[in-house]
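Throughout, numbering of the chain's residues begins at 1 and tracks the sequence.
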Amino acid sequence: PITVTGLPTNDSYVFAVAAFDANGELVGHLGKMCSPIEALNPLPLPLIWSYLSKRALELGIDSVAAESSYSVIAGVVHRLSEASHSNVGRGWEAKPMNSLSLKPSIVDRMPDCLLQAFVSSVCVYVDSKPVPDNSTIAGQVTTLKTAKLLQLASKVASIAVDHRMLLETVWRAYHILIPILKLEQSAPYT
């Protein structure tokens, strides 16, 4: 195989084989030309995962939608490990809403299309997961973590200046939190 490098992208190229003598003269004929070949920039992997997650969700393949959307999320969100999360000394730092954060060094370098792919992937991830049972503490914690993920997606949507996605993530977070906000208080706060 022959590798050709340094070609400007987003153009078509045609190749043929030819033989030249020591004087630079063509020997015989120019070989048969190949069909035009496009030298395209490859799509970034997070964009491909994002498209796959949306399509999988449309087809009802929730497990593939969740896994592929999480591939995008994991590249942008720092998840505090359960071990370090449980050993935190101050109570407010041990809250579920503090277990997720954006990776600023990654987000700052992302083009808008990848920022939007992240936001879209968060929405797909949320849609592909079953609704937690908010009558249990575990279900409420899952709901709070989901709301935090949507809050991070809202922040990224605002960085990308995508008002439609910003509204979508805020709307989703609101509707996810409504069941918790409507829970009956079991004991008065002291």
Minimum heavy-atom distance Pro46-Val72, with the two atoms named = O-CG2, 3.3 Å

Reported CZ-to-CD1 distance for the pair Phe15 and Ile2, which is rounded to 0.5 angstrom = 9.5 Å

request  = Working to the nearest 0.5 Å, report the span between OG of Ser128 and CD1 of Ile61.
outcome  = 12.0 Å

Any Ile73 side-chain heavy atom under 4.5 Å of Leu149 side chain = yes

Closest contact, heavy atoms only, Ser69 versus Ser121 = CB-O, 3.3 Å

request  = Report the residue from Val122, Leu100, Val76 that forms a side-chain contact (heavy atoms from CB on, under 4.5 Å) with Leu152.
outcome  = Leu100

task = Treating Ile, Leu, Val, Met, Phe, Trp and Tyr as nodes and any side-chain heavy-atom pair under 4.5 angstrom as an edge, say whether Leu166 and Leu150 lie in one connected cluster.
result = no

inquiry  = Is any side-chain heavy atom of Phe20 closer than 4.5 Å to one of Val27?
reply    = no

message = To the closest 0.5 Å, what do you measure between CD1 (Ile178) and CG (Leu181)?
response = 7.5 Å

ask   = Is any side-chain N of the basic residue among Lys129 and Asp62 closer than 4.0 Å to the acidic one's carboxylate O?
value = no

remark   = dist Ile176:CD1 -> Leu144:CG (nearest 0.5 Å) comes out at 10.5 Å

inquiry  = For the NZ atom of Lys145 and the NZ atom of Lys148, what is their distance to the nearest 0.5 Å?
reply    = 12.5 Å

query = Given side chains that start at C-beta, do those of Tyr51 and Ile48 come closer than 4.5 Å, heavy atoms only?
reply = no

query = Do Ser154 and Thr169 meet the criterion of a side-chain donor-acceptor pair at a distance under 3.5 Å?
reply = yes

Distance-only donor-acceptor hits, side chain of residues 102-120, under 3.5 Å, sequence neighbours excluded:
| unit_1 | atom_1 | unit_2 | atom_2 | d |
| --- | --- | --- | --- | --- |
| Lys103 | NZ | Ala74 | O | 3.0 |
| Arg109 | NE | Ser105 | O | 2.9 |
| Gln116 | NE2 | Asp162 | OD2 | 2.9 |

query = Applying the 4.5 Å side-chain criterion to the ILVMFWY set and letting contacts propagate, would Met165 and Val124 be lumped into a single cluster?
reply = no

query = Closest approach of Ala16 and Met33, non-hydrogen atoms and distance?
reply = CB-CG, 3.6 Å

key: Leu45 reachable from Val77 in the ILVMFWY side-chain graph, under 4.5 Å edges   = yes

message = Quick check: is Ile37 connected to Val14 through a chain of hydrophobic side chains (ILVMFWY, heavy atoms under 4.5 Å apart)?
response = no

ask   = Quick one: CG on Leu57 to SG on Cys123, what's the gap to the nearest 0.5 Å?
value = 10.5 Å

Minimum heavy-atom distance between Leu26 and Ala18, given as atom pair plus value = CD1-CB, 3.8 Å

request  = Give a yes or no on whether Glu67 atom CD has more than 12 heavy-atom contacts from other residues, nucleotides or ligands under 6.0 Å away.
outcome  = no

Any donor-acceptor pair under 3.5 Å from Ser158 side chain to Val161 backbone = no

message = Measuring only between side-chain heavy atoms, which start at C-beta, is Thr146 closer than 4.5 Å to Thr143?
response = no

request  = In plain terms, say whether Lys54 and Glu58 are close enough for a salt bridge, that is, a side-chain N and a carboxylate O under 4.0 Å apart.
outcome  = no

Salt bridge (Lys or Arg N to Asp or Glu O under 4.0 Å) partners for Glu25, two or more places apart = none

query = Counting only heavy atoms not in His175, do more than 12 fall under 6.0 Å of its NE2?
reply = yes

